[in-house]
Amino acid sequence: NLSEKLQKALGLFRNRGRLSEADVKKGLREVKLALLEADVNYLVVKDFISRLEQRCVGSDVLTSLTPGQQVIKIVRDELTDLLGGQWQSLSIAERGLSVYMMVGLQGSGKTTTTVKLAGYLAGQGKKPLVSSLDYQRPGAREQLAQFAQGAGIDCHNPEGEDVIAGAKQVTAAARAGYDCLVLDTAGRLHVDDELMDELDQVRQAVHPTEAILVLDSMTGQDAVNVAEVFAKRSLVDSIILTKLDSDTRGGAALSVRSITGCPVKFIGTGEKQDKLEKFHPDRMASQILG
Amino acid sequence: KSSQGGNLQEQLEEVLLLADVGPKTTTEIIEKISAAGQLDMEMLRDQLVATLSRHQPPILKGPVILVGPNGSGKTTTVAKLGHLLSRQGKKVFVIGADTFRAAADSQLEKWCKRLELNHFIGSRGADPASVVYDGLQSTAARQADVVLCDTAGRLQSNVNLMRELEKIVRVARKCWDGNITVLMVLDGGTGQSALEQVKIYRQFVCPEGLIVTKLDGTAKGGVVVALAAELGMPVCYLGVGEGADDLVPFDPEIFVNSILK
Ligand SMILES: Nc1nc2c(ncn2[C@@H]2O[C@H](COP(=O)(O)OP(=O)(O)OP(=O)(O)O)[C@@H](O)[C@H]2O)c(=O)[nH]1
Ligand SMILES: Nc1nc2c(ncn2[C@@H]2O[C@H](COP(=O)(O)OP(=O)(O)OP(=O)(O)O)[C@@H](O)[C@H]2O)c(=O)[nH]1
Ligand SMILES: [Mg+2]
Ligand SMILES: [Mg+2]
């Protein structure tokens, strides 16, 4: 792992004084490799490494640490900071219905996460309703209805084929009896202008309290392209990273956070309804570094 | 002159890294073509095509079991592949063995009806190995040229689910007189995790080829170069959309051109 590689590269002697430029160059080469292996975007890595260089060179080596340990500490702190520092909670509407809109690429975990998030809200004392606006994937509405039922979450899927009309209808209906609504949408490509426009129209129709980008944590270099386009269209207030039970390093977390500035609030850690956890930047930092 | 060379090397590395080829395979490929004395785009193109052409994908005959991580596109690919093979004049039978996920049965059923594919879908909660067994024992399966079998998505890190899949494949092999093929369906946006995924899947069920999906977005799918170089895993088809016709046979030249674009 990285910590062992740094110990090897920079030696095991506890220094007295400052990190030498040679130490920093050697150490950051290992860090760059670790980040690329972890799927952090190449351009994000370049930028991150140059920031680190400035922080590391001449930094005081705490006499209790080896140069390798010192570099790791600086990297981990910087990474944790970039990932948001600490957990940020879901926004709640100041009054009336809180609407959460789940968006993202095909197969990222939106439908599953819709129910998980509703379960989290129920656990917070809220009364959530879920609804599917996916009128195109075969069996999508059934999938949400069945999964919600298994989790004891109310589900209302409007009839008809017009996504915007359906969105308006369910948002109005939800106000009677619920204080939050989680909307599942169809998976789509960020480069599909027609479907991205549709999502834009849904957003303008329902004014979500939070638009949440649901992203597969094993996404590679493409994560920034996806996040950038969704963010440009004001379709990302926060991010949920799914399938983190896969032991993936999850470098996409750093990439999307850097590109959008939006916080990752939750992570998916399994297929069952209770497998949603709060995102901890420090734990993610360690995971990315491997 | 040397700084110019350094710049070109960096440019080529950047192209490969941004395409998800990964740092290890990128370094190997760049070193290989530098050692041959010619660090340029044409050499790189040739080396990539060679890597991707080295291992032949399997011929699809009899049972073909599609496996892979959650959400990669297995169910949709079963439908597309069934459609493609039917249009080639083959008799296709589809077995739905995802008995775990909500509405998995309904999703595949709707696809098969839409595409007029002969099918047997296991119901939710049934034992998946039994569904495969029953499906393969049927007359329809015995009379088909290809039997496509869909399975539930699973992460390689879940040992119990990998053991379940191992059992499904073992049961299929035992009850079929002839070869069965396992294909792994990977999301084209996957990064370096694909290496671990394929390694572990190989230990449990020996996939002979890959189908890489969702390449109609901006993801390049370059990790398949690493999978070919490190694991000798060939690619059979590419998924390029959500429609029935959006499955194309893998062509290394076309694929490499899109990586280097
Ligand atoms: N292991 C694991 N599987 C997950 C997780 N989240 C979702 N899944 C699985 O991933 C697959 C895809 O999830 P869906 O909820 O259908 O994804 P989606 O984004 O709604 O897909 P589309 O609607 O087709 O775009 C399913 O098999 C889910 O059970 C997770 O955190 N861990
Ligand atoms: N754009 C695009 N979408 C695809 C492609 N292949 C599959 N999809 C979509 O990806 C999503 C997931 O596909 P599924 O077939 O349900 O994936 P799966 O692997 O069976 O999922 P699980 O059974 O839940 O593990 C669906 O919305 C599909 O329409 C492709 O080649 N391109
Ligand atoms: Mg869905
Ligand atoms: Mg499926």
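We use all heavy atoms of the structure for the numbers below, so side chains are in, but hydrogens, waters and symmetry mates are not. A note on names: the letters A, B, ... follow the listed sequences, proteins ahead of strands, and every chain is numbered from 1.
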Subject >> Which portion of Lys32(A) sits near chain B, non-hydrogen atoms under 4.5 angstrom >> reply: neither
Original post:
Crowded around Arg283(A) CZ? As in, over 12 foreign heavy atoms under 6.0 Å?
Top reply: no
Original post:
What part of Asp192(A) is in contact with chain B, defined as an atom under 4.5 angstrom from a non-hydrogen atom: side chain, backbone, both or neither?
Top reply: neither
Original post:
Can a donor-acceptor pair be found between the side chains of Asp222(A) and Thr218(B) at a distance below 3.5 Å?
Top reply: yes
Original post:
Under a 4.5 Å heavy-atom cutoff, which of Ala102(B), Gly71(B), Ser106(B) has the most pairs with chain A?
Top reply: Ala102(B)
Original post:
Is there side-chain contact between Arg154(B) and Glu164(B), with heavy atoms separated by less than 4.5 Å?
Top reply: yes
Original post:
Given side chains that start at C-beta, do those of Met284(A) and Leu244(A) come closer than 4.5 Å, heavy atoms only?
Top reply: yes
Subject >> Non-hydrogen side-chain atoms of Pro69(B) and Leu186(B) separated by less than 4.5 Å >> reply: yes
**OP:** Could you tell me which portion of Lys110(A) (side chain, backbone, both or neither) has an atom closer than 4.5 angstrom to a non-hydrogen atom of chain B?
**Re:** neither
Subject >> Most chain A-contacting option - heavy-atom pairs closer than 4.5 Å, from Glu109(B), Lys220(B), Lys24(B), Arg124(B) >> reply: Arg124(B)
**OP:** Specify which of His190(A), Gln106(A), Gln149(A) makes the most heavy-atom pairs with chain B at under 4.5 Å.
**Re:** Gln106(A)
Original post:
With respect to chain B, which residue among Gly250(A), Ser246(A), Gly107(A) yields the maximal number of heavy-atom pairs within a distance under 4.5 Å?
Top reply: Ser246(A)
Subject >> Test side-chain hydrogen bond (donor to acceptor under 3.5 Å, both in side chains) applied to Asp245(B) and His83(B), step by step >> reply: CA-CA 8 Å; Asp245(B) 294 315; His83(B) 183 63; 3.1 Å; yes
**OP:** For each of Asn158(B), Asp216(B), Val223(B), tally heavy-atom pairs with chain A at distances under 4.5 Å, and name the one with the top tally.
**Re:** Asp216(B)
Original post:
When heavy-atom pairs shorter than 4.5 Å are enumerated against chain A, which of Lys214(B), Arg101(B), Glu13(B), Glu196(B) gives the highest number?
Top reply: Arg101(B)
**OP:** Flag the one option from Thr242(A), Thr219(A), Leu144(A) with the top tally of heavy-atom pairs under 4.5 Å to chain B.
**Re:** Thr219(A)
Original post:
Within a reach of under 6.0 Å around CD of Glu53(A), are more than 12 heavy atoms found that belong to other residues, nucleotides or ligands?
Top reply: yes
Original post:
What part of Arg141(A) gets closer than 4.5 Å to chain B, counting heavy atoms only: side chain, backbone, both or neither?
Top reply: neither
**OP:** Would you please test Glu30(A) and Lys25(A) for salt bridge (Lys or Arg N to Asp or Glu O under 4.0 Å) and show each step?
**Re:** CA-CA 9 Å; Glu30(A) 292 295 338; Lys25(A) 270 200 152 42; over 6 Å; no
Original post:
Side chain, backbone, both or neither: which part of Glu271(A) has a non-hydrogen atom closer than 4.5 Å to chain B?
Top reply: side chain
